[in-house]
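The structure under discussion appears below in the form of structure tokens.
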Amino acid sequence: MNAASATRRMAVRLAWGAHREQRLRLVLLTAVAVITTVVSLFATAVVYSLMEERERFDARAVRLADEGTRPLVRVNLRTDTWEREQFPVVWLDPLDDRDPRALPPGMKEWPRPGGWYVSPGLASLAAGEPRLAERFPGASVLADEGVLHPGELLAYRLMPSGGEMGADILEATGFGGAREGRGMPIGDDTEIDVPAMALAVGGFVGVPLLLLAMTGTAVSAPLRAQRMALLGAIGLPGRWRRRLLGYESLLTTGPGVVAGAALWCAVGPLPDALPLVGRPIAAGALVPPYWLVLSVSAAVLVLFAGLSLVTDQIRRTRRDRQSPRPRAGRPALRALRLAPAAAGAGLLVAASLREGHAAAVSALSGTVLLAAGVPLALPVVARLLAARLADTSADPVRMMAGRRLQYDPRSAVKPLYGIAALLVVVPVVAAWMASARQADPPAPRDERVESVVLRGALDRLDIEKFTGRVPGTVAARIHIVESATANAEPSARLSAACSDLGSVLGGEACSRPGTLRPAAAERLRRIAGLPMPLDPKLRPPPLREELTKTDSLLVLGARSPAFELELRTAALRQPVALTVLSEDDLATRESKLVAWIFGGLAVLVSLVFCTLAIGVVDRSAAGRRDARLLIAIGLTRNRVREIAGREFLLGYGAVVGSGLTVGVIAAAVWNSLDPAVPYPAGVTLVTAAVATALGAIGLLGVRGYGTARP
Amino acid sequence: MKERTENMDPLLNMREITVELPRRVLLRGVNLSVRAGEAVAIVGPSGSGKTTLLNCAAGLVRPQSGTVVVAGRNIGETSDDETAGHRLSHIGMVFQFGELMPELSVVDNVALPALFAGYADARERAAELLSLVGLDGYGDRAPEELSGGETQRAAIARALVCEPALVLADEPTGSLDEENVRLVTGVLLDACRRRGAALVVATHDASVAASMDRSTRLRGGVLESLDLLPDALPADGGRRP
């Protein structure tokens, strides 16, 4: 046998030995490897699919013609809405409909004039919704390369003969490949800002995964350390030691990584929507290319091997740990641990003293530092609390629990790092989300009257025919009148007849001809969603020749489910490009990122729970060694459980207290940047309740698993 | 200090103890009796069952058959909790490597059983015992600061803090040099005799065995040189000259 084969055999014994602690390590580390691999592949697949969607998004952006360049197609970007989801409706007017160069992606040929191309998602939706289908009669379906994902809603229309596209026409040479600043995107790219999403994935998934891997690698660490110290004392050279650890890591985590990759490749293709977020995705998008699967799996293996080597190296730098039977000593805690938390706190203070963008950057940086710094500082906090309890307690159970935690707080709180980070991050995220949601309450809606605003080629619109689709509907042109006085806000005036407005409002609208009653004016202002005051003086009703492409037409009618649907259908059936904006369109919408944040938090909480579980099991197993001695001395099992339970609770209390305190303060600083937004007290309470529940589960685990018959 | 009246009843009385493992029998029908103030050595090679015998005496292992009576109580008929409580008050244990808890100071380690037994003066007792075993002034030190011999002496003090009727020492000098063997053996014997405690020492060291009042050998699961009943002993208790 040579050194290489001896090292491999030793690695096998180290990894797959019969010792109970080695078996525990194998089981737990395999589970951690499976989870790490599956979640890593999931996160990678999400980012990769977003990158592909970004490519498709950029590939369909309108490529504006440079000055002096002959355009190939005229484009007008409009929108439509179905069940509160707004989607693009793109009008096209090719200068030569036999020229395929200007075809948008996914469209294999130009449709007939007035014809439609819709996304697969819109086609599928319309197949089950006749009222939606009647907006896009005879529509062809775009190919997959023309849409971001199957669920996306998108429509293209070739301008009808004699039609009109209205204002804001883009002259383009085609789609995709535009230089910086010469591309007009179609649709919303909030969810496909790849660098931001990758950073978010790193924060919500990468950091807790790393903590989980570290906790898994630390399972049964003292036994391994003793074995390695023995080999070192025998004289194993450094390079063979590293190889031994590498082989051992491969043997313990390799099966888990392979199983995790196989599992993900098997279940990854199944979802047609992003788990936890609910967003539709392309078929098979959650399984990255095989080369990426191999790379991620290899990276996970390297991660575990790296953690194993690093922890071994850290131990080796301590001389007292190099003996196979080291003299036990209190692990030292460096004051440097407090530095990140201190820096984070400093940045929060700076944020409270600054304003605007600088304040937001300081607050964000401070929060990130605190999310990492608070866990690092926890052992110091736990040691101080434990010392106080042990020094002042006459109860031997509390004294023992305090001394044990005081002796090695790092091992006690390491599985709880994720919980501390969660308690810091969640209140801040909630405060940020409240801002993102722009928590101004929505304006109350009129019970009787509903409105839409029409924009587009109004100069070519047959208003009577249009409004005739819904009986009792009245149209009024909206004029914005700038104030003659500087710094005064503009006002709006309506072009409508008193009788028409009165018939809609259900009473006399005017106090005298051409002048609205104040109450009627205010009611109309709210119905129209106008941000500025409404001048009670009316202008004459709109005549077609007076309307321009840049005007807005307010259409009023009795509130009913059919009102908006009929008007939208009517608008899309016109030969002119129109956009209908309903009350929902004009109201503030929740950011699409909210679903992503909830999904990220769900992953974060799940990984934190796994880390806690692994850590509790490992800690309990370690506690069994101490339990034997205490039972031999004459303590009952219940007493031993009490000690273990109190030690756990003391450490957990330090974690929850520190994390929650910092989280509340950090959220308050965030809140101070936008005082109109209420403090996320509810979310903070729920977070505290979840942390308490996790603590209760951990306590049960510690008490239930931690004693053994000696 | 607990009063130990002159009593001929053995403090430890083990009858027909049998312990079986899946592949072999560790103890076969072992009988052992030890009186107050008596020091008995159990010698035998590694794996002969000495530790198992001591663990049976302490109630940490339940034999498949036989009875164990310690200080008048049959610990085979008690629950685990009751056995633990009996052990806390009546049995002191000394292990091969001392097994002090690194998170406690030396005096807290020694006082630990008394603290859990509810003694209000636990630390004072511990300090007194540390003086007795020659570790005066070591109370505030951490266990890692003690040498092997000092650790064993502290462990002996811990075993005696609740004034147990019976002290069980499993290879207490197994890891010590010759000088410390003599020192620790002397401290153990002296401390037990002062308190009238019965002492059972499992050892493979002939010099330790020779220091005891009598020796028994465990071989093949059987205990040789039995000590059955008090009235079977000669008037001088069968002590070695």
Side-chain angles (χ1 to χ4, degrees), chain A residues 222 318-321 323-332 382-383 386-387 389-391 393-412 622-623 625-644 647 650 707-710, chain B residues 51 54-55 58-62 70 75 78-95 97-105 108-120 122-123 141-148 151 155 158-159 161-162 164 168 170 175:
Chain A
R318 298 187 57 186
R319 280 185 300 169
D320 59 337
R321 297 287 170 187
S323 162
R325 196 169 185 90
R327 296 165 78 79
R330 177 184 294 192
R383 177 168 276 178
L389 177 76
D391 289 343
S393 182
D395 176 17
V397 169
R398 287 187 189 174
M399 185 275 294
M400 267 299 312
R403 288 283 178 242
R404 279 163 68 154
L405 183 62
Q406 183 187 4
Y407 181 74
D408 190 8
R410 197 166 38 196
S411 299
R625 294 189 291 273
D626 297 336
R628 288 194 198 101
L629 177 59
L630 291 172
I631 289 172
I633 286 173
L635 270 65
T636 62
R637 262 180 226 291
N638 266 343
R639 267 292 166 94
V640 174
R641 284 193 196 105
E642 249 187 278
I643 294 170
E647 185 193 354
L650 187 58
T707 55
R709 186 174 291 278
Chain B
T51 299
L54 291 191
N55 284 340
L60 294 169
V61 168
R62 289 192 187 272
V70 177
I75 60 177
T78 56
S79 65
D80 283 351
D81 283 356
E82 288 169 338
T83 306
H86 197 64
R87 189 162 56 242
L88 189 65
S89 303
H90 294 90
I91 303 174
M93 297 199 70
V94 183
F95 306 99
F97 294 105
E99 304 291 351
L100 298 183
M101 296 202 158
E103 54 264 22
L104 300 177
S105 63
D108 280 345
N109 263 288
V110 173
L112 194 64
L115 285 169
F116 280 101
Y119 285 90
R123 287 194 173 85
R141 295 191 189 186
E144 67 262 23
E145 297 177 61
L146 303 185
S147 68
T151 299
R158 181 178 65 191
V161 74
C162 289
L168 303 169
D170 189 2
S175 60

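As the structure is a prediction and not an experimental result, all values here were calculated from the model. Just the heavy atoms: all of them, side chains too, but no hydrogens, waters or symmetry mates, feed the values below. Naming: A, B, ... by sequence-line order, numbering from 1 per chain.
The distance from the CE atom of A/M399 to the CD atom of B/E103 is 10.0 Å, given to the nearest 0.5 Å. Of the inter-residue distances, the one linking B/L88 atom CG with A/T636 atom OG1 reads 9.0 Å to the nearest 0.5 angstrom.
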Practice problem: Show your reasoning for whether side-chain contact (heavy atoms from CB on, under 4.5 Å) applies to A/I631 and B/R87. | Solution: CA-CA 9 Å; A/I631 289 172; B/R87 189 162 56 242; 3.5 Å; yes

Exercise. Give the intermediate values and the outcome of side-chain contact (heavy atoms from CB on, under 4.5 Å) for residues A/M400 and B/L115.
Key: CA-CA 10 Å; A/M400 267 299 312; B/L115 285 169; over 6 Å; no

Practice problem: Test side-chain contact (heavy atoms from CB on, under 4.5 Å) on B/F116 and A/V397 and set out the steps. | Solution: CA-CA 8 Å; B/F116 280 101; A/V397 169; 3.8 Å; yes

Quiz item: Between A/L630 and B/M101, does a side-chain contact (heavy atoms from CB on, under 4.5 Å) hold up when you go through it step by step?
Solution: CA-CA 10 Å; A/L630 291 172; B/M101 296 202 158; 3.1 Å; yes

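B/D108 touches chain A through its side chain: at least one heavy atom from C-beta onward sits under 4.5 Å away, while N, CA, C and O do not.
Across all their heavy atoms, A/I633 and B/P113 have their closest contact at CG2-CG, 3.6 Å. Contact record, B/E99 with A/L629: O-CD2, 3.2 Å, taken as the closest heavy-atom pair. Here the shortest heavy-atom pairing between B/D81 and A/R637 reads OD1-N, 3.9 Å.
For A/A386, the side chain to side chain contact (heavy atoms under 4.5 Å, CB included) test picks out A/L405, A/Q406, A/L650, with sequence neighbours left out. Residues forming a salt bridge (charged side-chain N to carboxylate O under 4.0 Å, His left out) with A/D391 (at least two apart in sequence, or on another chain): A/R403.
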